[in-house]
Amino acid sequence: MKTIRLPDGTTIPALGQGTWMMAEDRRVRSEEIAALRGGIDLGLTLIDTAEMYADGESERLVGAAIQGKRDQVFLVSKAYPQNASHDRLPRACEASLTRLGTDRLDLYLLHWRGNVPLGETVEAMERLVDAGKILRWGVSNLDTDDMEELVASGGAACATDQILYNLTRRGPEHDLLPWLAEHAIPTMAYSPVEQGRLVGHAGLCSLADELGATPAQLALAWLLARDNVIAIPKAGRVAHVRDNRAAADLTLNASVLDRLDKLFPRPKRRVPLEML
Ligand code: NAP
């Protein structure tokens, strides 16, 4: 499994597991837990969740899935922007830890930018690090100008920017990805299969067929071929988790990368960071 180095030297797998839309339907709860646990056993040990997902139920589901496996997992959760203040972040973090059934997060992210000044969020995050509640912190959905401001506000220790990035969302390649690479901050690509829409893309399907792969694998392998990028597909079914894991073993040669470039050209001009 390819690994990515965080700014503090920790290495994490380049392919993890997302959990948005999990824990929405009790009838599939055991299947979702089995998918996450199976993923951990296959090396997809980075799990991304958020207090927002299913109103905290996604964190509870992750808590159940990592029981007995906590030390193998790199656990990521996110705080609502309105909770990213001195007063509220410790409470939000504690509530996430309780739902997850753990004593620390490996990474805690600001979910998107709100009204709390970035400098205050940085201080609140650093206090949680000092208290041992989180091991490191990062952000999500911040474009280049926000990242500049974050670093200028004392946020140089930011461990990642989790952003919408996949074959159909290549806008960040203009300036955000180069900026993050220059600052040695890994990019965490969310919705890497465009919430499932990419698996029905005719051109991607036919190229995947030629390669004996699936379209999801091709979309993930394209992300994994890039430097500094972590992908966190969400898969509630064990078969999808297995399919995704195999993407980490798929190497794309220059001609395949070129064909993907033609099928999914990067926008000609810079576009503001998109969000789902
Ligand atoms: P995604 O991972 O691109 O797509 C998930 C969908 O693709 C699900 O319907 C899943 O089906 C399907 N799928 C997964 N693997 C598949 C495969 N091998 N073959 C066919 N279908 C497959 O979308 P996402 O959930 O939006 O993004 C991933 C994670 O990123 C989220 O879960 C969340 O943790 C994070 N995220 C963060 C933000 C943010 O603002 N920071 C925003 C969006 C997402 P099944 O579930 O049925 O297996």
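Ligands are counted one by one from 1 in listed order, and the atoms in each one are counted from 1 as well. Worth knowing before you read on, the calculation uses all heavy atoms, side chains too, and leaves out hydrogens, waters and symmetry mates. As the structure is a computational prediction, the values presented were derived from the model and not from experiment.
Remark: D103 does not engage K133 in a salt bridge, criterion side-chain N to carboxylate O under 4.0 Å.
The option from R245, M21, K234, Q17 that lies nearest to atom 5 (C) of ligand 1, judged by heavy atoms, is K234. Evaluated by nearest non-hydrogen atom to atom 16 (C) of ligand 1, the leading choice among H240, Q217, M275 is H240. Counting heavy atoms only, I232 comes closest to atom 28 (C) of ligand 1 of the residues I232, L164, N141.
At a 3.5 angstrom cut-off on N or O pairs, P192 counts as close to ligand 1. When only interatomic distances are considered, the shortest N/O to N/O separation between P233 and ligand 1 does not fall below 3.5 Å. Note: no N/O pair closer than 3.5 Å links T49 and ligand 1 by distance alone.
Shown here are the side chain to side chain contact (heavy atoms under 4.5 Å, CB included) partners of M1, two or more places apart in sequence or in another chain: P13, L15, L44, R245, A248.
In this structure, Y53 has a heavy atom closer than 4.0 Å to ligand 1. Under a 4.0 angstrom heavy-atom cut-off, K78 registers as being in contact with ligand 1.
Of all the atoms in ligand 1, the ones that sit under 4.0 Å from a non-hydrogen atom of W20 are 26 (O), 31 (C), 32 (O), 33 (C), 34 (O), 43 (C), 44 (C). Near D48, meaning under 4.0 Å from any of its heavy atoms, are these atoms of ligand 1: 33 (C), 34 (O), 35 (C). Set against the non-hydrogen atoms of A235, the atoms of ligand 1 under 4.0 Å away are 46 (O), 48 (O).
Both the backbone and the side chain of V193 come within 4.0 Å of ligand 1, judged by heavy-atom distances.
When hydrogens are left out, the protein atom nearest atom 15 (N) of ligand 1 is N244 ND2, 3.1 Å; that is the closest non-hydrogen contact.
Legend: ring-ring contact (aromatic ring centres under 6.0 Å, His included) pairs involving residues 19-69, not counting sequence neighbours, sorted by first then second residue: W20-Y53, Y53-H111.
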